[in-house]
Amino acid sequence: MEYNHKSIEKKWQAFWADNATFKTSESTEKPKYYVLDMFPYPSGAGLHVGHPLGYIASDIFSRFKRAKGFNVLHPMGYDSFGLPAEQYAIQTGQHPSITTEANINRYREQMDNIGFSYDWSREIRTSEPDYYKWTQWIFMQAFDAWYDKKENRAVAIEQLVARFEKAGSQGIEAECDEDILIFTAEEWKTFSVEEQQRELLKYRLAYLKESTVNWCAALGTVLANDEVINGVSERGGFPVEQKKMMQWSMRITAYADRLLQGLDTIDWPEPLIEMQRNWIGKSTGALVKFPIPQLDSVIEVFTTRVDTIFGVSFVVLAPEHELVSSLTTDACRDQVESYIEKTAKKSELDRMADTKTVSGAFTGSYAKHPITGEDVQIWIADYVLAGYGTGAVMAVPSGDQRDYVFAKHFGLPIVAISDTQEIEEAADPNKDGRYINSGFINGMTYNEATEALIAKLSELGLGKAKVNFRMRDAIFGRQRYWGEPVPVFFKDGLPYLIKEDELPLLLPEVDKYLPTESGEPPLGRAQGWKYQDKYEYELSTMPGWAGSSWYWFRYMDPQNREDFASKKAIDYWKSVDLYIGGSEHATGHLLYSRFWNKILKDLGYHNEEEPFKKLINQGMIQGRSSFVYRILDDEGKGTNTFVSLGLKDKYNTIPLHVDVNIVHHDVLNTDKFKASRPDYQNAEFILEDGKYICGTEVEKMSKSKFNVVNPDDIIAQFGADTLRLYEMFLGPLEQAKPWNTNGIEGVYKFLRKVWRLFHDGDGNLSISDETPTKAEYKALHRIIKKVEEDIERFSFNTSVSAFMICVNELTDLKCNKRAILQDLIIVLSSYAPHIAEELWLLLGNSAGTISFADYPVFKPEYLVESEFAYPVSINGKMKMNLSLALDLDQKAVQDIVLSNVDVQRFMDGKALKKLIFVKGKIINIVV
RNA sequence: GCGGAAGUGGCGUAAUUGGUAGCCGCACCAGACUUAGGAUCUGGCGCCGCGAGGCGUGGGGGUUCGAGUCCCUUCUUCCGCACCA
């Protein structure tokens with residue numbers, strides 16, 4: 001019988017499903033191991049060959065760990081709330097749940113074809129009420145919690161209320177809004193319920209507040225910072241503007257330091273850690289106050305270079321700064337107002353693109369320098385961002401390039417403050433010199449000056465040391481339909497949680513998925529959707545990241561109706577040991593998940609500070625587009641003649657994308673091409689060497705570029721095992737690479753060779769029970785060792801190569817020994833499980849037990865040879881073969897070396913200086 | 001501009017982590033078998049050279065008996081952030 005991937009793979013996929021082979025339970029003595037994939041959003045396009053790359057790697061890893069005796073949790077589910085299904089619903093009127101269900105079924109079918117070892121009994125979908133009940137529940141925990149800076153953790157809100165009742169707001173250090181009230185216990189008790197609630201809202205981890213948000217008019221919703229890329233929406237690329245709105249937010253900034261520190265404790269790719277660090281953006285500096293006597297007020301600025309304070313020649317406010325209008329003098333009002341109007345008109349995108357032009361306006365007012373008391377001009381300019389620091393900066397032209405350019409442009413003074421500064425051409429921010437023109441810090445070093453200035457400013461009450469973060473709180477509400485309803489109702493304009501036993505708050509039916517006429521979100525269309533028929537529910541829904549920020553817990557105990565997961569399950573599975581997914585989630589999902597994990601930990605639901613111990617980013621698989629070259633006639637119109645790549649420069653041509661599925665090794669199948677479209681029916685070709693060669697280009701894989709390769713097609717032709725091996729063989733897992741079907745035959749051939757090892761020339765099963773030879777053991781144990789080493793360092797591509805070498809050797813040895821083949825297919829079964837299961841059965845084992853078979857133990861003695869020859873160099877130059885025994889000591893080796901005739905001739909009477917040994921093997925002789 | 005990753009045959013890649021550069025596969029070439037297939041098998045395949053031999057890991061320099069690997073310098077590509085005070 002020949003290798004028939006179709007029947008084998010269908011058979012074993014059905015077997016695994018029927019026997020629930022990969023169902024996992026917690027009641028076992030085995031050590032646990034949790035392997036997680038980033039669950040997909042089920043889009044309408046289905047999977048292309050790029051999507052399963054990470055899933056294949058995690059499946060190989062899971063199967064390997066299982067074979068090595070671990071109890072492996074390897075689940076899969078769907079992040080099924082999201083924009084595309086809703087956009088489709090708006091266009092067609094079809095309920096997003098219907099589209100989503102259809103897409104999920106398609107995804108499932110495609111995944112099943114690849115032969116993954118998921119425990120499907122644990123499947124979850126974020127859009128199912130059973131699931132989002134707990135997303136809502138977690139929101140409620142965050143609403144009912146505040147962040148105690150003294151304990152450095154989140155604490156239940158009741159404890160804050162208790163402290164207010166006992167001692168007022170005295171002594172409480174919280175991460176909270178800035179406009180909190182100061183009150184005594186007695187005053188607190190006199191507050192009305194509304195007043196108390198309004199005050200508590202300023203402390204809650206999930207809170208409602210008027211804030212500046214990214215508003216995307218085209219999507220009709222606000223977006224979080226990570227959903228805005230270069231000033232446009234991540235989904236759809238629509239323009240985004242800044243707008244003040246009442247919005248739900250999550251107080252992620254309270255966790256900024258812990259999110260930063262945690263990065264040192266997890267095994268993640270360095271680029272990803274760096275991205276999160278930059279996103280959090282911690283900077284240490286000082287807050288300095290510049291008094292404005294005429295307003296009896298101050299301008300607060302944040303600076304990381306307080307040491308340069310004597311170089312301040314002006315102060316700049318963001319145009320949106322609240323003091324601008326009161327500071328502007330009548331003489332300057334026209335200019336200032338027209339400048340504010342001009343910058344307000346600029347979109348976020350324009351403002352970011354235009355960093356070259358210097359612009360600004362003088363307010364006409366002056367602030368007092370906090371140390372010297374001199375007057376400094378107050379300007380406004382859009383290079384100062386309202387959203388960072390205090391929205392105001394002290395300008396030090398000699399030390400900061402932006403201030404320098406601004407000062408040059410508007411003719412403001414530039415004062416050197418260090419004896420090493422060179423400021424003829426540009427600002428010089430160096431910290432190496434001693435200070436000059438700097439009052440009492442003259443002659444000091446950077447560290448001395450910084451310390452002295454902070455002490456001085458504190459003494460004056462005009463400044464203090466301050467740590468600032470770039471990260472903002474995460475906007476949590478979305479004015480969309482297809483998401484989790486926020487479990488909140490409004491009474492007297494204030495938000496209250498619904499009762500826990502009324503969860504889930506079900507997503508109501510609506511007649512259309514568009515905002516209401518009065519501009520409310522789609523949920524405003526729901527008929528009679530009121531809490532206890534009295535109060536209005538919150539109409540916005542949760543953002544896409546809500547459901548994915550805790551899902552790894554739900555897999556631990558997916559059917560639990562009492563808890564998001566039982567204590568027992570959480571104690572057993574703890575956290576994710578290995579997480580595989582794309583780096584595009586660096587500042588979104590991966591940060592939010594760490595955030596929610598910490599909230600739940602603080603509130604006592606588990607003990608793990610970090611959710612994902614080790615993380616691997618699989619590289620993106622790009623498309624490899626193929627092109628044909630249509631010849632243009634004299635008028636520049638397309639003819640029906642196409643010229644092969646090598647000859648195209650002789651003609652005037654236009655490249656056209658051609659479906660990569662009718663191109664083989666860059667050679668076009670001209671018959672299929674003609675049949676592909678009616679207007680190509682009479683196409684003619686100018687060939688080279690009798691072939692039509694296509695041009696290629698690496699692009700994103702997409703339908704419009706005709707470069708999408710569907711895993712189903714590959715599987716139909718070569719089988720799932722070939723697809724799995726080939727995706728790994730393509731290159732290092734973490735590297736981005738284009739998909740190229742050229743070369744897949746090599747992997748397919750390999751599997752056929754494996755199959756033939758078990759069969760004789762006539763295709764009959766042929767297995768010998770003889771004792772294997774040394775050479776056969778050597779081939780086997782090399783692959784056992786190699787695969788083990790490779791899997792632990794996630795180098796799957798080199799393992800596939802090693803399998804090929806091993807099988808080539810065994811083929812050459814005509815090895816059909818049971819002892820060798822059985823162990824070989826156990827090792828292979830993580831990579832190519834279907835063929836391994838089939839061969840396992842052919843060897844007479846019981847069906848479906850290979851996944852849990854005794855994994856072969858590597859025995860180094862099979863790789864050791866007692867005597868062997870290898871090349872050795874003398875003084876790194878001449879190379880000669882030496883025969884040595886491995887177990888000799890170095891003295892004995894030296895004697896052999898010196899007695900060698902070739903060595904003696906080369907030494908020509910010189911003395912032997914030393915022998916260079918590497919791992920017990922001599923590789924160089926120095927004379 | 002700042003931060004990160006990476007440059008090796010015609011192509012994807014490998015190299016025991018400082019030790020015979022190019023494993024494995026694709027493509028290509030030659031041969032075998034074949035009523036010819038986009039099949040299978042065998043051999044060859046970095047570059048120059050008939051050859052012995054020489055050169056060779058983006059370029060230049062250095063450390064070392066020995067460098068794809070370490071150091072300095074420079075170029076190129078990709079990714080992330082981007083007026084962050």
Side-chain angles (χ1 to χ4, degrees), chain A residues 229-230 269-279 281-283 285 301-305 308 316 318 351-358 381-385 387-396 399-403 405-406 429 468-471 583-584 586-587 617 619-620 624 664-667 669 696 698 725-726 729-732 734-750 752 756 785-786 789 795 797-808 870-877 879 881 913-919 921-927:
Chain A
I229 311 285
N230 292 330
E270 194 50 45
L272 203 68
I273 288 189
E274 208 49 42
M275 266 191 247
Q276 290 211 346
R277 272 201 196 109
N278 290 339
W279 186 262
K282 180 175 181 166
S283 52
V301 302
F302 174 72
T303 177
T304 53
R305 289 297 301 276
T308 64
V316 191
R351 197 161 155 174
M352 286 197 310
D354 181 23
T355 60
K356 291 277 182 291
T357 345
V358 182
D382 67 359
Y383 81 86
V384 177
L385 306 174
Y388 181 76
T390 60
V393 301
M394 57 178 222
V396 184
D400 184 287
Q401 186 57 25
R402 292 157 303 176
D403 298 342
V405 172
F406 195 84
N468 201 41
F469 292 95
R470 200 179 75 107
M471 184 168 66
S583 60
E584 66 271 22
T587 51
N617 288 132
M620 242 239 294
R624 186 172 181 275
H664 186 79
H665 284 306
D666 299 338
V667 176
N669 183 323
T696 63
V698 173
L725 284 166
Y726 188 59
F729 183 68
L730 223 42
E734 305 205 47
Q735 192 177 302
K737 51 207 169 255
W739 175 268
N740 187 348
T741 309
N742 299 350
I744 196 166
E745 280 102 339
V747 171
Y748 187 56
K749 253 186 248 178
F750 158 73
R752 277 192 308 216
R756 284 194 202 125
K785 179 165 185 260
K786 178 76 175 152
E789 286 170 357
S795 173
N797 55 326
T798 50
S799 270
V800 179
S801 293
F803 275 123
M804 291 178 173
I805 296 168
C806 175
V807 167
N808 284 344
Y870 60 90
V872 172
S873 58
I874 302 181
N875 280 358
K877 282 183 193 132
K879 287 192 187 102
N881 278 318
K913 279 200 197 126
K914 63 174 174 177
L915 298 172
I916 312 288
F917 284 87
V918 174
K919 294 187 180 150
K921 196 171 141 183
I922 162 178
I923 52 115
N924 190 34
I925 301 164
V926 184
V927 299

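Proteins come first, then strands; the chains are lettered A, B, ... in the order of their sequence lines, and each starts at number 1.
With a glycosidic angle no more than 90° from 0, B:rG37 adopts the syn conformation. In this structure B:rU17 sits in the syn conformation; its chi angle is within 90° of 0. By the rule that a glycosidic angle within 90° of 0 means syn, B:rG10 does not qualify and counts as anti.
Of the C1' atoms belonging to B:rG22 and B:rC55, the separation is 15 Å, rounded to the nearest Å. The gap from the C1' atom of B:rA82 to that of B:rG10 amounts to 40 Å, rounded to the nearest Å. Between B:rU77 and B:rG31, the two P atoms lie 44 Å apart (nearest whole Å). With both ends at atom P, the span from B:rU17 to B:rG4 equals 27 Å, rounded to whole Å. Atom name P, nucleotides B:rG58 and B:rU8: the rounded distance is 6 Å, in whole Å. Atom C1' of B:rU35 sits at a distance of 50 Å from the matching atom of B:rU57, rounded to the whole Å. Here, B:rG7 and B:rG18 have their P atoms 16 Å apart, quoted to the whole Å. Going from the C1' atom of B:rA52 to that of B:rA67 covers 28 Å, rounded to whole Å.
Base-pair partner of B:rC2: B:rG80 (Watson-Crick or G-U wobble, both distances under 3.5 Å). In this structure, B:rC45 forms no base pair with any nucleotide, since neither Watson-Crick nor G-U wobble geometry is met with both distances under 3.5 Å. Pair assignment for B:rU57: none, as no Watson-Crick or G-U wobble contacts are both less than 3.5 Å. Searching all strands for a Watson-Crick or G-U wobble partner of B:rC33 with both distances below 3.5 Å returns nothing.
The CG atom of A:Asn617 sits 16 Å away from the C1' atom of B:rA6 (whole-angstrom rounding). The separation between A:Gln276 atom CD and B:rG3 atom C1' is 15 Å, rounded to whole Å. Distance, A:Asp403 CG to B:rA85 P: 12 Å, rounded to whole Å. Atom CG of A:Asp400 and atom C1' of B:rG1 are 13 Å apart (whole Å). If you take CZ of A:Arg402 and P of B:rA85, they are 7 Å apart, rounded to a whole angstrom. Atom-to-atom, OH of A:Tyr388 to C1' of B:rA85 comes out at 7 Å; the value is rounded to the nearest Å. Rounded to an integer number of Å, the gap from A:Asn797 CG to B:rA15 P is 8 Å. At whole-Å resolution of the value, CD in A:Gln735 and P in B:rU8 are 10 Å apart.
Judged by distance alone, the side chain of A:Arg305 and the main-chain N or O of A:Pro429 form a donor-acceptor pair under 3.5 Å.
Annotation: side-chain contact (heavy atoms from CB on, under 4.5 Å) contacts of A:Ser583 (sequence neighbours excluded): A:Leu272, A:Asn617. Every side-chain contact (heavy atoms from CB on, under 4.5 Å) that A:Thr587 has, sequence neighbours left out, goes to A:Asp226, A:Trp279. Legend: residues meeting salt bridge (Lys or Arg N to Asp or Glu O under 4.0 Å) with A:Arg402, ordered by chain and number and at least two apart, are A:Asp400. Partners of A:Arg277 under the salt bridge (Lys or Arg N to Asp or Glu O under 4.0 Å) rule, at least two apart in sequence or in another chain, are A:Asp264, A:Glu270, A:Glu274. With sequence neighbours excluded, the residues that form a side-chain contact (heavy atoms from CB on, under 4.5 Å) with A:Thr304 are A:Ser283, A:Phe302.
The two residues A:Gly746 and A:Met804 have their closest heavy-atom pair at O-CE, 4.1 Å. Taking each heavy atom of A:Ala318 and A:Val384 in turn, the nearest pair found is CB-O, 3.3 Å.
Side-chain N/O atoms of A:Arg752 include one lying less than 4.0 angstrom from OP1 or OP2 on B:rU40. Phosphate proximity of B:rC41 to A:Arg756: present, with a side-chain N or O under 4.0 Å from OP1 or OP2. Phosphate proximity of B:rA85 to A:Ser283: present, with a side-chain N or O under 4.0 Å from OP1 or OP2.
Take the nearest nucleotide of RNA chain B for A:Met394 and for A:Met275: the residue whose nucleotide is more 5' is A:Met275.
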Please tabulate, one pair per line, each protein N/O and nucleotide N/O from nucleotides 24-28 of chain B that are separated by under 3.5 Å, including the distance.
{"unit_1": "B:rG25", "atom_1": "OP1", "unit_2": "A:Asn808", "atom_2": "ND2", "d": "3.2"}
{"unit_1": "B:rC26", "atom_1": "OP1", "unit_2": "A:Lys749", "atom_2": "NZ", "d": "3.1"}
{"unit_1": "B:rA27", "atom_1": "OP1", "unit_2": "A:His665", "atom_2": "NE2", "d": "2.9"}

Test side-chain contact (heavy atoms from CB on, under 4.5 Å) on A:Tyr383 and A:Val405; report intermediate values, then the result.
CA-CA 11 Å; A:Tyr383 81 86; A:Val405 172; over 6 Å; no
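Contacts of A:Asn468 with the nucleic acid, taken as non-hydrogen atoms under 4.0 Å apart, are absent. Using a 4.0 Å heavy-atom criterion, one finds that A:Pro738 contacts no nucleic acid atom at all.
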